[in-house]
Amino acid sequence: MNATPTEPLSLVIDPDYLRDPHTVHARLRTAGSAHPLLLPNGTRAWVVTRYGDVRAALTDPRLAKDAVRVREIIARQLAETGQRVQMSHIYPRHMLNGDPPDHSRLRRLVAKPFTQRRIQQLRPRVLEITEDLLDAMPTDRPADLIGSFAFQLPITVICELMGVPLERQADFRRWTGTLLSGGQLAAVEKAARELNGYMAELIAAKRARPAGDLLSSLVHVDEDGDRLTEEELLGTAVLLLIAGHETTVNLIGNGVLALLCAPDQWELLRGDMALLPRAVEELLRYGSPVRLATYRYTTEPVRIGDTVIPEGELVLLGLGSANRDPDQFDEPRLLDVSRSAGGHLALGHGIHYCLGAPLARLEGEVAIGRLIERFPRTRLAVSPEQLRWRESVIMQGMEELPVYLGR
């Protein structure tokens with residue numbers, strides 16, 4: 001993060017920042033309430049980093065979410081620098097990219113499969129997949145806990161839930177990584193076009209031959225004559241596929257890394273698995289899977305602390321920074337699985353609170369719990385400094401997590 005008195009802060013996605021964004025966030029919290037940023041793709045935005053400001057902003061109606069308007073703002077910014085970028089497949093219409101009344105309507109149409117009760121019914125299947133993945137992992141050489149476990153579990157669960165064939169999982173990982181990178185918009189547009197094309201074909205197949213899966217239900221949902229439009233259906237299907245696994249991949253990966261780097265906490269949890277639900281909340285806080293919430297924009301000048309953000313500006317809310325704010329959490333850089341981490345913002349807050357939160361928590365509990373129970377002597381195969389972190393503005397996660405599994 002670079003700054004001079006006359007230049008905006010510039011977020012540099014380099015290995016040092018990816019490995020430890022928290023040091024940068026701490027400086028930002030100390031310096032002020034909100035800061036202008038220049039993102040790697042050339043887009044300008046503001047970042048909010050203090051817990052109280054982030055939590056309030058998550059429910060502030062003046063910070064709106066609308067896919068069409070976000071595209072317009074980005075296009076205007078790039079045009080000022082002489083760039084013309086196609087964005088017809090980026091920022092589609094779905095509930096995360098909209099506000100009431102559209103958001104309320106869309107969330108109502110898709111929310112039923114994600115109730116706490118229905119998600120708990122998935123526990124036996126989540127446990128079965130977890131055991132199969134752990135059975136298949138090598139114990140005589142380093143295992144990649146991301147590619148072989150943290151990614152495989154949630155992508156399998158969401159694909160089964162939605163009725164999406166797993167045969168394209170490598171493509172899903174590549175498409176999702178590009179979409180969430182915050183990188184060059186041409187590459188993001190290409191990935192979005194390819195993913196949308198695949199999902200459109202699948203939707204057509206579900207329309208012709210519906211099955212008992214979530215995607216078939218979305219295609220045919222009808223509540224008092226209210227149905228999803230084709231654009232909403234495609235956007236919602238893509239959202240559920242991406243959000244249905246991305247958060248959990250990083251919850252499991254970041255969580256296991258945090259525990260391996262704090263062996264006293266690993267042992268504390270191993271000795272008392274009743275702490276597991278509380279530990280998952282602490283791991284969500286400590287290693288927030290989502291670093292920055294997706295784009296909002298100001299519908300009028302908005303004062304955030306000591307800063308006024310002008311109308312028509314993009315805003316990114318620092319969930320990861322808020323969860324390390326010492327004004328909210330005692331010793332926030334200390335991992336404590338016995339901590340009551342209530343109030344963390346890892347899964348959002350307000351109307352855009354993560355629809356899949358119960359599923360992410362379930363998968364995190366099962367995956368981390370069974371890993372510790374079956375392989376209590378697991379250790380890192382490389383030093384933490386050697387780990388490669390994903391080049392993503394939005395997500396906080398590793399490319400790989402090499403470990404030795406030990407019984």
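As a basis for the values below, the full set of heavy atoms in this structure was taken, side chains included, without hydrogen atoms, waters or symmetry mates.
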Below 30° counts as parallel, above 60° as perpendicular, anything between as tilted: where do the rings of His22 and His25 land? perpendicular
Under 3.5 Å donor-acceptor pairs involving side-chain atoms of residues 138-145, not counting sequence neighbours:
from   : atom 1 : to     : atom 2 : distance (Å)
Asp144 : OD1    : Ile146 : N      : 3.0
Asp144 : OD1    : Leu401 : N      : 2.9
Asp144 : OD2    : Gly147 : N      : 3.0

Side chains of Lys65 and Thr294: is there a donor and an acceptor less than 3.5 Å apart?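 Yes, side-chain donor-acceptor contact under 3.5 Å.
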Are Trp175 and Glu194 linked by a side-chain donor-acceptor pair shorter than 3.5 Å? yes
Side chains of Cys261 and Leu380: closer than 4.5 Å at any heavy-atom pair?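 Yes, side chains in contact.
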Please report the C-alpha distance between Gln265 and Glu282 in whole Å, then the side-chain angles of each, then the deciding distance to 0.1 Å, and finally whether the side-chain hydrogen bond (donor to acceptor under 3.5 Å, both in side chains) criterion is met. CA-CA 11 Å; Gln265 296 301 297; Glu282 170 68 348; over 6 Å; no
Going from OG1 on Thr298 to CZ on Arg303, what distance comes out if it is rounded to the nearest 0.5 angstrom? 14.0 Å
To the nearest 0.5 Å, tell me how far Met87 CE sits from Leu78 CG.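 CG of Leu78 is found 6.5 Å from CE of Met87.
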From CA spacing to verdict: side-chain hydrogen bond (donor to acceptor under 3.5 Å, both in side chains), Gln396, Ser288: CA-CA 7 Å; Gln396 171 76 10; Ser288 301; over 6 Å; no
Does the distance from a Lys or Arg side-chain N to an Asp or Glu carboxylate O, for Asp171 and Arg168, drop under 4.0 Å? yes
Not counting sequence neighbours, list each pair that qualifies as a ring-ring contact (aromatic ring centres under 6.0 Å, His included) and has a residue in residues 100-127. His103-His352
Ala211 meets the side-chain contact (heavy atoms from CB on, under 4.5 Å) criterion, sequence neighbours left out, with Asp213, Ser216
Within residues 44-58 or reaching into it, pairs that qualify as side-chain hydrogen bond (donor to acceptor under 3.5 Å, both in side chains) - sequence neighbours excluded: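 Residue pairs passing side-chain hydrogen bond (donor to acceptor under 3.5 Å, both in side chains), neighbours aside: Ser33-Arg50, Arg44-Glu80, Trp46-Glu313.
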Can you see whether Phe329 has Arg324 sitting over its ring - NZ or CZ less than 6.0 Å from the centre and within 45° of the normal?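 Geometry flag: not set, cation outside 6.0 Å or 45°.
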Suppose we screen for side chain to side chain donor-acceptor pair (under 3.5 Å). Which residues come up paired with Glu230, at least two apart in sequence or across chains? Arg207
Please tabulate, one pair per line, all N/O donor-acceptor pairs under 3.5 Å involving side-chain atoms of residues 366-377, not counting sequence neighbours.
from   : atom 1 : to     : atom 2 : distance (Å)
Arg370 : NE     : Glu131 : OE2    : 2.5
Arg370 : NH1    : Glu373 : OE1    : 2.6
Arg370 : NH2    : Glu131 : OE2    : 2.9
Arg374 : NH1    : Glu131 : O      : 3.4
Arg374 : NH1    : Glu131 : OE1    : 2.7
Arg374 : NH1    : Asp135 : OD1    : 3.0
Arg374 : NH2    : Asp135 : OD1    : 2.7
Arg377 : NH1    : Arg407 : O      : 2.8

